[in-house]
Number of protein chains: 2
Amino acid sequence: MHEKIATIEDVARHAGVSIATVSRALHKPNVVSQSTREKVQSAIAATGYTANVMARNLRLNRSGMILLLVPDIGNPFFSAILSGIEQGASKAGYNVLIGDTQNDPDREATYAAYLRSNQADAMILLNGRLPAPLANSPAKASPPVVIACERIPGCGLPTVIIDNEQAAFDATTHLIDHGHTRIANVAGPGNNILTVDRTAGYRRALTENGIGIDPALTFVGDYSIDSGIAAGRALLADPKTRPTGLFCASDGMAIGVIVAAKELGLRVPQDVSVFGFDDIHLAAAYDPPLTTVRQPRRRLGERAIALLLDRLDPTTPNKPAQPGPVIVPTELIIRQSTGPCPKS
Amino acid sequence: MHEKIATIEDVARHAGVSIATVSRALHKPNVVSQSTREKVQSAIAATGYTANVMARNLRLNRSGMILLLVPDIGNPFFSAILSGIEQGASKAGYNVLIGDTQNDPDREATYAAYLRSNQADAMILLNGRLPAPLANSPAKASPPVVIACERIPGCGLPTVIIDNEQAAFDATTHLIDHGHTRIANVAGPGNNILTVDRTAGYRRALTENGIGIDPALTFVGDYSIDSGIAAGRALLADPKTRPTGLFCASDGMAIGVIVAAKELGLRVPQDVSVFGFDDIHLAAAYDPPLTTVRQPRRRLGERAIALLLDRLDPTTPNKPAQPGPVIVPTELIIRQSTGPCPKS
DNA sequence: CCTTCCTCTGTAAACGTTTTCATTTTTTAT
DNA sequence: ATAAAAAATGAAAACGTTTACAGAGGAAGG
């Protein structure tokens, strides 16, 4: 008894009207008479009709789907961003299709093709790289695309990011203000735009305060805890060259550095100050509670989806693209992993 | 110059064949002659044709979409599970549509309706509750549904979970084996099935070892760090009644308990032992490194999607449903937050 | 009473595929 | 060479909608 699903035709028959009328009763209620509208309503109730979205979308040439390209969905960093995006999209009647690219250009290209084949109406890029199919086509390409998190220099697409350079500058300046002068930079991978920007902010802070830049004080990690541990061991082992403050490009690395510091018998913040980045959920509960840069991740997602919906809105078809990127503000969260520079 | 997108008809015209042949050349290459196949190939290349998935799906009456119901996508706990699911789905040519229900039954119902309206071919439930539309319909309902993480008692649907009862039993037993007899249970919300099972395991361990169950040693939290802190303060404040071991139903609460313990000047594990649950990413880097139950979250997702794909596979249409739930094994990770019971 | 203009409804054409069925062409067997 | 079988192709229907167009019926205005 696998009951066949009701189509619009069943409803029409049941109500004794044409399918056109049923469709109109649903989408332009004001153009159909009161009495038939009621007949249709009850016919729908009686048949348990649900519109076949696929057919509808085919006819309307849309998908109601927003494609979200993420480098790694397994990375908890993205969850709050996703949440912000999903909520905004859902409110506007869109669904979110998550494309986990695993940093594979092939997968990026595959997903980006969804735009052309009408499987998605728009796309949000969190992965800091333009998929191949888009790289060539004109920037103002029809299906709206928004960049979030990792800006893509020179791509001309609407973008929402935090000001990584300024945040790093502020963090480093905070250390300088507390008397530190030997300040290390525990950075992410060199080709990553976040690292580029954060390192630039770190350098500017040093330079503006008349502190020379010592290349030996930069450690290139990969944002992971383990690379933070490696950084800590490398930078803190030798008391002669040991920095008193470390600016880390992620909380994960900051935690790693602290683990290494404890290994070496150093106290945080009495002996070394460690500055993180992100304000992950556990930052406040760590020992010591982490001083860090709070990234408003949910807000980031919300702004990204808002920007996108704005471009999707048929009532404002070609509003001029925002000139610069949208910057969502960060916040320095001063906890106990940083303190004044110890007297040497 | 917004060039129209190429349809199968354009390809057919370009290749001088019928659209039927083009379709066949794509999907049943062996039934079309070598020469025409080549003509079609180059016509596709020339026109830049990409099949309109919507039209295809309408015709085939499928969506290629797997709906994933999550209570809160913003919760990092799910990210690894998502990753496992997405990877398996993607490999099988399915897309994953994430439905963030925010624990709202209305939203659950809305998403579940996607199954009926052909917007999704199948569904995975991570939210521990059957959406209303499904609750009434026969369990063997046509569109495949799989439950993961939180079992739904008596629903008869294929399920993949960890053995929460056994894991809690093992963890508690570990504490008992180290001489602890006053062991607290820092639980989750009472109506949560995970809590029910874990508390049952905790109790069984005590009972089987002849230790009475003291209701004052159970604290009901909500898996959060803050509720862990509250638990720690409540349970550890009074030296008279203080437990020497605490089994916590999440790493978050375990960390909270440790924070509270440090506040009170207690050392972990010398004064109190704290056992967590989940093995979150930061567990190993915490101070002290957390003893915990490792939940193989990615594996959980992988098994769930495998189970689902199995039921979706047209070649094995109605393989009998697995009698019991699939249990993915957990692992006790003994680190330094637990130790022998202190001499009193 | 006849026109004109609404308001409401139905017919039929799209949307881009896949697939059944019939037809044509090629191969094989006699 | 011819008949039969096999292989390759095309015409057209179907999937479930939305919507342009036109027709039917009344009301309003003359």
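This structure is a prediction, so every number in the text was calculated from the model and none was measured. Below, all heavy atoms of this structure are taken into account, side chains as well, without hydrogens, waters or symmetry copies. Numbered from 1 within each chain, the chains take letters A, B, ... in sequence-line order.
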Once base and sugar-phosphate atoms are separated, protein heavy atoms under 4.0 Å mark nucleotides 7-13 of chain C, 5' to 3', with B, S and - as -SBBB-B
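Atom-to-atom, CD of Q119(B) to P of dG16(D) comes out at 16 Å; the value is rounded to the nearest Å. dT19(D) atom P lies 12 Å from atom CG of L26(A), rounded to whole Å. With rounding to whole Å, R62(B) atom CZ is found 15 Å from dC15(D) atom C1'. Rounded to whole angstrom, the span from the CG atom of N118(A) across to the C1' atom of dG16(C) amounts to 10 Å. Rounded to whole angstrom, the span from the CG atom of N57(B) across to the C1' atom of dC15(C) amounts to 14 Å. The separation between Y49(B) atom OH and dG16(C) atom P is 10 Å, rounded to whole Å. Rounded to whole angstrom, the span from the CD1 atom of I5(B) across to the P atom of dG16(C) amounts to 9 Å. Atom CD in E9(B) sits roughly 11 Å away from atom C1' in dT17(C) (whole-Å rounding).
Atom CZ of R37(B) has more than 12 neighbouring heavy atoms from other residues, nucleotides or ligands inside a 6.0 Å radius.
Scanning both residues, R116(A) and G48(B), for their nearest heavy atoms gives NH1-O, 3.6 Å. Closest of all the heavy-atom pairs between L307(A) and P158(A) is CD2-CB, 3.7 Å.
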| request: Show the numbers, then the answer: is there a side chain to side chain contact (heavy atoms under 4.5 Å, CB included) between F78(B) and L68(B)? | output: CA-CA 11 Å; F78(B) 293 109; L68(B) 181 55; over 6 Å; no
**Request:** Any chance you could lay out the side chain to side chain donor-acceptor pair (under 3.5 Å) test for S90(B) and R107(A), step after step, and finish with the verdict?
**Result:** CA-CA 10 Å; S90(B) 165; R107(A) 288 180 64 89; 3.1 Å; yes
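Looking at D121(B), its side chain does come within 3.5 Å of a backbone N or O of G64(B) through a donor-acceptor pair. In this structure, S23(A) contributes its side chain and I19(A) its backbone to no donor-acceptor pair below 3.5 Å.
Among the protein residues, L60(B) comes within range of the sugar-phosphate backbone only, with heavy atoms under 4.0 Å from sugar or phosphate atoms but none that close to a base. Within 4.0 Å of N52(B), counting heavy atoms only, lie sugar-phosphate atoms of the nucleic acid but no base atom.
The line from OH of Y114(B) to CG of L97(B) is 6.5 Å long, rounded to the nearest 0.5 Å.
Side chains of N118(B) and N61(B): a donor-acceptor N/O pair is present below 3.5 angstrom, by distance only.
Between K28(A) and L58(A), the residue whose closest nucleotide on DNA chain D is further toward the 5' end is L58(A).
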Please produce a list of atom pairs where a protein N or O lies less than 3.5 Å from an N or O of nucleotides 22-24 of chain D.
none

